[in-house]
Amino acid sequence: TTFIKDNFKQKAMHLDHDEEDYNLSLSKFESMLKTNKVFFFDSEEFEEIILHYLDIGKANLAKKALKLGLDQHPKSTGLKLVQVEMLVYDDKLDQAEKLLNELYAIEPTNEEIFIQKANIYSKRDQHEKAVEYQNIALKYTEDFADVYNLIGMEYLFMDNLEQAKQSFIKCLEEDIEDQSALYNVVYCYEFLDQNLEAIEYLKTYIERNPYSEIAWHQSGRLYYGLKDYENAVRAFEFSTYIDDEFIGAYMEMGKAQERLKKYDEAIESYQRTIELDDPTSYALLRIGKCYEKLGNKVEALKYFNKTVHEDPLLDKGWIAITDFYVRQKNFQKALYYVNKALAIDDQNRLYWKRFGTINKAMGNFEEAEFGYRKAVEFGDYQLDTWLFWVDMMHQMGEYNNAILTLIQSAEYFPEEAEIEYRLAGLHLLLNETEKGNFHLSNGLRLNAKHQTLLQEMFPTVWERPSVQEYIAKHSKPE
């Protein structure tokens with residue numbers, strides 16, 4: 001144990017010295033800029049200083065450092081390659097290529113030259129040419145993982161997902177800890193609709209790297225997509241054993257547990273995400289839904305209220321509270337909350353539809369008609385919304401408006417029996433027999449069983465002998 005501690009201390013001291021040297025170089029360089037004195041740095045120090053400034057977005061300071069570096073080390077290939085990178089960054093591709101050709105004449109086996117050549121071709125959208133140069137870089141590099149990763153990215157640009165997948169797999173064979181490559185492999189499998197193959201690949205990956213929380217998490221996601229919720233929960237659990245602060249894994253595990261109707265366990269998973277970070281409206285909403293499923297109405301309502309307090313713009317939160325009260329048949333309370341939601345967002349079609357439905361249940365037909373009208377106006381073209389809207393007009397005696405609205409809805413739902421029977425009933429109410437019979441025959445042709453709709457909604461029309469005769473005549477076998 002003492003040996004390990006001492007060894008760790010020595011490593012830590014070494015890292016501290018590196019950090020100190022780096023900070024010293026940086027402060028020495030910055031003091032040189034302020035005083036106009038010229039200090040000497042070796043070429044690697046300059047490279048580190050330039051990359052530091054590029055990382056923090058100070059391109060001008062990076063360019064100053066590069067100029068001073070090249071003044072002191074005019075033959076440094078490393079600095080010239082940094083210069084190429086900066087030229088590419090500034091879209092000065094021809095200049096960058098010219099400099100690379102000069103460097104190639106001096107160092108024809110420097111893999112970085114081929115990687116930068118590939119970078120230039122990639123910028124020009126010549127991705128196949130970029131891959132050619134990356135494959136040459138593979139002959140000279142010691143960092144195969146990095147080059148395979150770059151090749152994978154080029155294939156992604158070309159929408160060649162199969163080749164991209166193979167490149168990322170090779171990258172992971174070289175460097176099993178490369179997380180971005182792991183995400184990219186799974187992305188390729190999913191894009192190619194190869195979810196089962198992705199699970200098999202991750203199984204072999206986990207055999208090699210069993211403590212990869214990302215691999216377990218991705219497996220869980222894939223199982224969830226295949227509706228294998230038991231295995232999804234198991235995979236997410238392993239992910240959280242490895243990293244007990246992995247919020248995404250707890251969230252996904254909660255979703256899978258809900259699917260398995262394990263609501264108490266799902267609540268625990270969602271609660272864990274709230275313990276680890278600020279509460280999200282999504283987690284609060286799901287906890288409320290779970291409590292509602294468990295029949296704990298008090299806790300359900302508490303969490304629905306927390307949801308809208310946390311994110312007043314999340315429509316699902318307001319809808320959850322409104323629907324909760326609708327299910328309790330407490331329409332007054334439901335109306336209160338849907339009005340609060342509309343005060344925040346009066347262009348939300350989901351709110352307007354509920355506004356219509358609640359008012360309909362309360363017998364407020366004018367308000368209900370207004371709600372359904374606004375829902376359609378803001379993009380709700382579902383058949384039931386059109387029909388609810390029309391039925392309100394019918395209740396209010398606005399037959400002509402109802403007919404116009406049904407004709408409009410038929411553009412979205414041609415050959416729909418429910419529309420045809422309503423048109424028949426309304427036209428016959430207005431004694432427009434020819435039009436009424438036309439739509440009645442359409443309704444009977446599309447769905448004869450639905451003729452009861454005429455009986456329910458238009459009883460006076462249904463009872464007319466002429467209508468009964470027309471139905472009987474149409475129903476007779478030819």
Do the non-hydrogen side-chain atoms of [X] and [Y] ever get within less than 4.5 Å of each other?
| X | Y | answer |
| --- | --- | --- |
| Asp143 | Asp175 | no |
| Ile151 | Leu138 | yes |
| Thr322 | Leu335 | no |
| Gln218 | Leu202 | yes |
| Glu230 | Asp228 | yes |
| Gln116 | Ile120 | no |
| Ile206 | Ser212 | no |
| Ile115 | Tyr133 | no |

Tyr201: which of Val186, Leu172, Leu222 passes side chain to side chain contact (heavy atoms under 4.5 Å, CB included):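 Looking at Val186, Leu172, Leu222, the match for Tyr201 under the side chain to side chain contact (heavy atoms under 4.5 Å, CB included) is Leu172.
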Any chance you could measure [X], atom [atom1], to [Y], atom [atom2], to the nearest 0.5 Å?
| X | Y | atom1 | atom2 | result |
| --- | --- | --- | --- | --- |
| Ser269 | Asp264 | OG | CG | 11.0 Å |
| Lys117 | Tyr121 | NZ | OH | 5.0 Å |
| Thr141 | Asp146 | OG1 | CG | 7.5 Å |
| Gln126 | Glu132 | CD | CD | 10.0 Å |
| Asp243 | Glu213 | CG | CD | 5.0 Å |
| Asp345 | Leu350 | CG | CG | 9.5 Å |

Which residues pass the ring-ring contact (aromatic ring centres under 6.0 Å, His included) test with [X], sequence neighbours left out?
| X | answer |
| --- | --- |
| Tyr263 | none |
| Phe388 | Tyr372 |
| Phe246 | His217 |
| Tyr337 | Tyr325 |

Side-chain donor or acceptor of [X] paired with backbone N/O of [Y] under 3.5 Å:
| X | Y | result |
| --- | --- | --- |
| Asn135 | Val131 | yes |
| Asp346 | Leu342 | no |
| Thr273 | Met251 | no |

Tell me if the aromatic rings of Tyr250 and Tyr270 count as close, with their centers under 6.0 Å from one another.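 For Tyr250 and Tyr270, the ring centres are not under 6.0 Å apart.
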Step through it carefully: locate the ring centre of Tyr224, locate the ring centre of Tyr229, and say whether they are under 6.0 Å apart.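 For Tyr224 and Tyr229, the ring centres are under 6.0 Å apart.
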For the pair [X] and [Y], find out whether any cationic side-chain nitrogen is under 4.0 Å from an anionic carboxylate oxygen.
| X | Y | result |
| --- | --- | --- |
| Asp384 | Lys353 | yes |
| Lys374 | Glu377 | yes |
| Glu258 | Lys289 | no |
| Arg327 | Glu292 | yes |
| Lys170 | Glu173 | no |
| Asp94 | Arg124 | yes |

Should we say atom [atom1] of [X] is surrounded by more than 12 heavy atoms from elsewhere, each under 6.0 Å from it?
| X | atom1 | answer |
| --- | --- | --- |
| Arg373 | CZ | yes |
| Glu197 | CD | yes |
| Glu275 | CD | yes |
| Lys123 | NZ | yes |

So which heavy atom on [X] is nearest to which on [Y], and how close?
| X | Y | answer |
| --- | --- | --- |
| Cys290 | Ala266 | SG-CB, 3.9 Å |
| Cys188 | Ala164 | SG-CB, 4.0 Å |
| Ala417 | Asn447 | CB-CB, 3.8 Å |
| Met153 | Asn184 | SD-ND2, 3.8 Å |
| Asp178 | Ala181 | OD1-N, 3.1 Å |
| Val147 | Gln134 | CG1-O, 3.4 Å |

Please report, to 0.1 Å, the donor-acceptor pairs under 3.5 Å made by any side chain of residues 154-162, with sequence neighbours excluded.
from: Glu154; atom 1: OE1; to: Ser122; atom 2: OG; distance (Å): 3.2
from: Glu154; atom 1: OE1; to: His127; atom 2: ND1; distance (Å): 2.7
from: Glu154; atom 1: OE2; to: Ser122; atom 2: OG; distance (Å): 2.8
from: Asn160; atom 1: OD1; to: Gln163; atom 2: N; distance (Å): 3.2
from: Glu162; atom 1: OE1; to: Lys165; atom 2: NZ; distance (Å): 3.4
from: Glu162; atom 1: OE2; to: Lys165; atom 2: NZ; distance (Å): 3.1
from: Glu162; atom 1: OE2; to: Gln166; atom 2: NE2; distance (Å): 3.1

In terms of relative ring orientation, are Phe355 and Trp352 parallel, tilted or perpendicular, with 30° and 60° separating the classes?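 Ring orientation of Phe355 relative to Trp352: perpendicular.
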Worked check of side chain to side chain contact (heavy atoms under 4.5 Å, CB included) between Tyr189 and Asn195: CA-CA 6 Å; Tyr189 273 116; Asn195 291 25; 5.9 Å; no
What verdict does the side chain to side chain contact (heavy atoms under 4.5 Å, CB included) test give for Phe114 and Tyr140, after you've listed the backbone C-alpha separation in whole Å, the side-chain angles of each residue and the deciding distance to 0.1 Å? CA-CA 9 Å; Phe114 299 103; Tyr140 303 114; 3.7 Å; yes
Carefully, step by step, assess Tyr412 and Trp386 under the rule ring pair (Phe, Tyr, Trp, His ring centres under 6.0 Å). CA-CA 10 Å; Tyr412 295 92; Trp386 285 104; 5.6 Å; yes
Among Tyr291, Phe324, Tyr282, ring pair (Phe, Tyr, Trp, His ring centres under 6.0 Å) partner for Tyr303: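 Result: among Tyr291, Phe324, Tyr282, Tyr291 is the only option passing the ring pair (Phe, Tyr, Trp, His ring centres under 6.0 Å) with Tyr303.
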What pairs of residues pass the side-chain hydrogen bond (donor to acceptor under 3.5 Å, both in side chains) test when at least one of them lies in residues 306-318, not counting sequence neighbours?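 Sorted pair list: Asp315-Asn348.
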In sequence, state the C-alpha distance, the side-chain angles, and the governing distance for Gln271 and Ile274, and then conclude on side chain to side chain contact (heavy atoms under 4.5 Å, CB included). CA-CA 5 Å; Gln271 287 285 14; Ile274 291 168; 4.1 Å; yes
Would Asp244 and Leu276 satisfy side chain to side chain contact (heavy atoms under 4.5 Å, CB included), going step by step from the backbone distance to the final call? CA-CA 9 Å; Asp244 63 358; Leu276 290 168; over 6 Å; no
